[in-house]
Amino acid sequence: EAVPWLALNAYAGQPRQFSLDPAFLPDDPRQISLDTNRYLYGGSVDLGPFAEAFSANLYAINQMVYGIPDRRAVGGELRYSNNGKALYGLVDYDLWFNALNIAMLNGTWATDFGTTLTAIADHRKTPYLQAINAVLGSGATDLATVFQTVPPDQLRSQAEALTPVSDLYQFSVLHAFTKRFQLGGDVRMNKVSGTPATNCLLLPPGAVPRHSLYELLEQDDSGRKLQA
């Protein structure tokens, strides 16, 4: 007998090329062959709903590139929705890097007197921590060259160094005075960590490695911050 609050899912596949460039020619589906150098597989468990308000999801994923783990993660989602209150949480942890990818919590409360309160706390790697991120600092254009010549431990450490961490904390208030007039505001703190220089991502003279890419774009050749 099927369990109404439980669903098991499994998936597998391989990445395909895609571009928004109008000149890009997509892969011919009639000629697609299995690429054993890059593939992924995983599964998930859907739980709920419970008490007509809670639901959850647990998942695991493994991505491989030329025999090296690209992303090997486990995680879960939690959802709650009831009487104008909503809560969503997400945690993603990479087992190969032994590092947290995402920890996020988002809550909303729509009160009976027309005010909606929203709070967000979001800590994440940007982009997701993957071994392929190491290619960003190598200057190489061929994945095979990088993954077949660079030791896995070096790939892992370089990918970690070149993957920034983003932190976002936000609290907002929105009040509806009438059906057509609303007034709202928010307080937000957003921070993105810096990344070190590599052979193709160089720091300008006088700059220090702790700067983020966004800060470096605002500096002149001497490392001084440009004025708007």
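What you are looking at is a predicted structure, and each value in this text was computed from that prediction instead of being measured.
Thr126 pairs by the side chain to side chain contact (heavy atoms under 4.5 Å, CB included) definition with Arg124, Ser166, not counting sequence neighbours. Looking at residues two or more places apart in sequence or on another chain, you find a side-chain hydrogen bond (donor to acceptor under 3.5 Å, both in side chains) between Asp70 and Gln63. Residues passing the side-chain hydrogen bond (donor to acceptor under 3.5 Å, both in side chains) test with Asp153 are Arg156, sequence neighbours excluded. Every side chain to side chain contact (heavy atoms under 4.5 Å, CB included) that Lys191 has, sequence neighbours left out, goes to Asp167.
The closest side-chain heavy-atom distance from Arg188 to Tyr169 is not below 4.5 Å. Residues Thr108 and Leu117 are not in side-chain contact: their nearest non-hydrogen atoms beyond the backbone lie 4.5 Å or more apart. Pro69 has its side chain within reach of Met64: a pair of non-hydrogen atoms, C-beta onward, lies under 4.5 Å apart. Residues Phe177 and Gln182 fail the side-chain proximity criterion, which asks for heavy atoms closer than 4.5 Å. Annotation: side chain of Asp94 is in contact with side chain of Arg71 (closest heavy-atom distance under 4.5 Å). Leu100 places a side-chain heavy atom less than 4.5 Å from the side chain of His123. The side-chain heavy atoms of Asn101 and Tyr93, taken from C-beta on, include no pair separated by under 4.5 Å. Side-chain contact between Arg38 and Gln14: absent, with no pair of heavy atoms (C-beta onward) separated by less than 4.5 Å.
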* To do: For Leu105 and Leu87, run side chain to side chain contact (heavy atoms under 4.5 Å, CB included): C-alpha distance rounded to whole Å, both residues' side-chain angles, the deciding distance at 0.1 Å, then the answer.
  => CA-CA 7 Å; Leu105 191 63; Leu87 184 69; 3.8 Å; yes

Carefully, step by step, assess Ile68 and Trp96 under the rule side chain to side chain contact (heavy atoms under 4.5 Å, CB included). CA-CA 10 Å; Ile68 297 175; Trp96 194 62; 3.8 Å; yes

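Of the possible polar contacts, none joining the Thr163 side chain to the Glu160 backbone as a donor-acceptor pair under 3.5 Å is found. With Ser193 contributing its side chain and Val165 its backbone, the two residues share a donor-acceptor pair below 3.5 Å. Side-chain N or O atoms of Thr115 include none that pairs as donor or acceptor with a backbone N or O of Thr111 at under 3.5 Å. A donor-acceptor pair is defined here as one N or O able to donate and one able to accept, closer than 3.5 Å; such a pair exists between the side chain of Gln158 and the backbone of Ala134.
When all heavy atoms of Phe97 and Ala131 are compared, the closest pair comes out as CZ-N, 3.5 Å.
For Asn190, the CG atom sits in a packed shell: over 12 heavy atoms of surrounding residues, nucleotides or ligands are nearer than 6.0 Å.
Chaining together hydrophobic side chains whose heavy atoms lie under 4.5 Å apart places Tyr59 alongside Tyr88, Leu90, Ile102, Met104, Tyr128.
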I'd like a table of donor-acceptor pairs (distance under 3.5 Å, sequence neighbours excluded) in which one partner is a side-chain atom from residues 39-50, with atom names and distances.
from, atom 1, to, atom 2, distance (Å)
Tyr41, OH, Asn62, ND2, 3.0
Ser44, OG, Asn9, ND2, 3.1
Asp46, OD1, Asn57, ND2, 2.6
Asp46, OD2, Asn9, ND2, 3.1

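One distance of note links CG of Asn133 with CG of Leu162; it measures 8.0 Å at 0.5 Å rounding. Going from atom CZ of Arg79 over to atom CZ of Phe54 covers 13.0 Å, rounded to the nearest 0.5 Å. Atom OG1 in Thr118 sits 7.0 Å away from atom CG in Asn106 (nearest 0.5 Å).
Linking Ile, Leu, Val, Met, Phe, Trp and Tyr whenever their side-chain heavy atoms come within less than 4.5 Å leaves Leu174 and Phe181 in two separate clusters. Note: the hydrophobic cluster containing Val187 does not contain Trp109 (ILVMFWY, side chain heavy atoms under 4.5 Å, direct or indirect links).
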